[in-house]
Every structure is written in C-alpha cells, then in structure tokens.
Engineer: 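Take a look at the following structure, please.
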Amino acid sequence: MTNPTRWATETGPEHSQWYIDRFRRLAAEGADLAGEARLVDAVVAPGSRILDAGCGTGRVGAALAARGHRVVGVDADPALVEAARTDHPGPRWLVADLATLDLAADGEAEPFDAAVVAGNVMAFVAAGTEPAVLTRIAAHLRPDGVVLVGFGLDRGYRLDHFDSDLAAAGLRLEQRFATWDLRPWRDEADFAVSLLRRPTS
C-alpha cells in the first residue's frame, strides 16, 4: 500500500474483526444488508460486470452476484477480503489499494459496466488520495459506465471537495439523493448518495 488508509490509521487493531463479527451477526439475524445492491441493480443491465470498490466483508458484492451480476470486489484490508472470500464464494475478492488500482495486473482487464463505493469508503481512504481513488475507479469503467458512491457528510470529506474530485477524475454527476433508498437530496442532509457517469467522449 502506498499510504495507510484511514481505516488502518484511525481505528484500533481489533476493529476489522469487530466489523466482520458485526456483519456476520446482522446477517444471521436477518437484517436487510442489500439496500445499496438494490439501487445498483436498478440502474444497470442484467448480468453487468460490477466493481465493488472498498468491498469490506462482501455484503454488497454478494447481493449483486445473487442478482446475476459479475462482481469483482477490492479492499485494502486483507482481513475483510478473507472474510468476503469465506462468507461469499463466487465473486472474485482482491486486496488492493483504490488509490493505485490496476486490476489488469490481476487478470481483470475487461472494463466494468458499473462500480459501487458504499459503506463510507471515501471517508476511509488515505487522506489526500480521494482524487486518485476516483480517477482509478473511473479508469476501470467502460465509456457510459456508472459509479454509485455513498458516504456520511460528517466524516471529514466535504461534498464540495468530492464534487471537484469527481470532475477532475472525468466523471459527471447525474443524480444525488440523501439515502440509498432514494430520499430526495436536501442541503441539510447528513449523507449523500451520488450517481456518477463516465462520459462517452
């Protein structure tokens, strides 16, 4: 990894296992863990190739795979990737730094139809790498591909900075909502879900 992520530097050594245990418990209890996946599924064609960027324990990518999509998930935390491989066989789960993402080097050269960046990933990447993260995700999309990004606005990454970074990455903002279940955007919202697109030219 070029720079430690904030996931690594701002949490304790037990945090990853706590996170894994938490989502295993929620799944066992029957909690709805597929909200982000439902939205992604609604905006892509059946059988799409989808990048789960910052996949964590794999819950979003697994739900997309269950809906018939071809999923590759990447995360900088090896413990989370190992949990994804254990709990959700089927998709390909890889350890990778989103700021330097090069999936062609891992045998995944085919462009993606879409990417999903859920779970506050943008607030956990290494400080200052947000433009590089968006640029590398965009580079893995086919022209006219989409990215859905959601993060809390109280986590240190300002929305106006995000908007500048996505534009610099060659992405276009098409829609913004206050939740993954499409509640209308409002300026006082504390969460943002943004639908971005890589232009065709």
Side-chain angles (χ1 to χ4, degrees), residues 5-7 19 22-23 26 31-46 48-67 69 71-76 80 84 91 98-99 101 112-125 129-142 144-199:
T5 64
R6 280 174 281 187
W7 177 266
Y19 188 81
R22 175 189 176 211
F23 278 99
L26 288 170
D32 178 10
L33 301 178
E36 300 99 327
R38 284 194 297 273
L39 178 54
V40 177
D41 184 55
V43 299
V44 299
S48 287
R49 179 168 159 82
I50 299 176
L51 172 63
D52 186 357
C55 64
T57 59
R59 64 180 180 83
V60 177
L64 288 165
R67 287 163 168 78
H69 300 292
V71 176
V72 177
V74 298
D75 200 283
L80 300 187
L98 293 177
L101 191 64
F112 290 86
D113 301 302
V116 56
V117 192
N120 287 306
V121 167
M122 293 305 300
F124 282 116
V125 300
T129 66
E130 298 91 350
V133 167
L134 291 168
T135 297
R136 294 311 307 151
I137 291 172
H140 285 76
L141 292 177
R142 64 168 174 78
D144 204 41
V146 296
V147 189
L148 284 124
V149 185
F151 60 94
L153 302 179
D154 58 350
R155 292 176 170 265
Y157 186 32
R158 287 173 36 181
L159 194 58
D160 58 336
H161 290 177
F162 172 67
D163 287 344
S164 295
D165 293 343
L166 72 88
L171 296 166
R172 184 178 67 238
L173 174 66
E174 287 198 345
Q175 298 285 341
R176 177 162 287 151
F177 306 97
T179 62
W180 285 98
D181 60 355
L182 304 185
R183 297 190 185 215
W185 171 252
R186 59 192 194 284
D187 289 340
E188 66 272 20
D190 59 6
F191 198 88
V193 176
S194 302
L195 172 62
L196 318 177
R197 189 175 299 275
R198 180 180 176 185

Engineer: Does Phe124 reach the side chain of Leu98, with side-chain heavy atoms less than 4.5 Å apart?
Structural biologist: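 A side-chain contact under 4.5 Å is absent here.
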
Engineer: Within the 4.5 Å heavy-atom criterion, are Ile50 and Arg67 side-chain neighbours or not?
Structural biologist: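 Of all side-chain heavy-atom pairs linking Arg67 with Ile50, none is under 4.5 Å.
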
Engineer: Would you indicate whether the side-chain heavy atoms of Arg59 and Leu26 approach each other to under 4.5 Å?
Structural biologist: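 Side chain of Leu26 against side chain of Arg59, heavy atoms only: no contact under 4.5 Å found.
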
Engineer: Can any side-chain N or O of Arg155 pair as donor or acceptor with the backbone N or O of Ala123 at less than 3.5 Å?
Structural biologist: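 Checking the backbone N and O of Ala123 against the side chain of Arg155, no donor-acceptor pair under 3.5 Å is found.
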
Engineer: Hey, can you tell me if Phe112 and His140 have their rings parallel, tilted or perpendicular (30° and 60° cut-offs)?
Structural biologist: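 Taking His140 first and then Phe112, their aromatic rings sit tilted (interplane angle of 30° to 60°).
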
Engineer: Quick one, Val133 and Val117 - any side-chain contact, counting heavy atoms below 4.5 Å?
Structural biologist: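 Contact flag for Val133/Val117 side chains = no.
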
Engineer: Within the structure provided, determine whether Val149 and Leu166 are in side-chain contact (heavy-atom separation under 4.5 Å).
Structural biologist: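 The answer is no, as the side chains (C-beta and beyond) never meet within the 4.5 Å cut-off.
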
Engineer: So Leu64 and Glu36, do their side chains get closer than 4.5 Å, heavy atoms only?
Structural biologist: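 Sidechains of Leu64 and Glu36: no contact.
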
Engineer: Would you confirm whether Asp190, through its side chain, and Leu153, through its main-chain N or O, come within 3.5 Å as a donor-acceptor pair?
Structural biologist: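 Here the side-chain-to-backbone pair does not exist.
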
Engineer: Once salt bridge (Lys or Arg N to Asp or Glu O under 4.0 Å) is applied, do any residues pair with Arg136, and if so which ones, sequence neighbours excluded?
Structural biologist: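 With sequence neighbours excluded, Arg136 shows a salt bridge (Lys or Arg N to Asp or Glu O under 4.0 Å) to no residue whatsoever.
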
Engineer: Report yes or no: does Arg49 contribute a side-chain atom to a donor-acceptor pair with the main-chain N or O of Asp113 at less than 3.5 Å?
Structural biologist: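 No; zero donor-acceptor contacts below 3.5 Å.
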
Engineer: Met122 and Leu134: side chain to side chain contact (heavy atoms under 4.5 Å, CB included), yes or no, with the steps?
Structural biologist: CA-CA 9 Å; Met122 293 305 300; Leu134 291 168; 4.0 Å; yes

Engineer: Identify the heavy atoms of His69 and Ser48 that sit nearest to each other, and give their distance.
Structural biologist: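 For His69 and Ser48, the tightest heavy-atom pair comes out as ND1-N, 3.1 Å.
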
Engineer: Does Arg183, at its CZ atom, have more than 12 non-hydrogen atoms belonging to other residues, nucleotides or ligands within less than 6.0 Å?
Structural biologist: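 Not buried by this count: 12 neighbours or fewer within 6.0 Å.
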
Engineer: Whether the side chain of Arg198 engages the backbone of Leu141 through a donor-acceptor N/O pair (distance < 3.5 Å, no angle test) should be reported.
Structural biologist: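 Yes; judged by distance alone, with no hydrogens or angles, the pair exists.
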
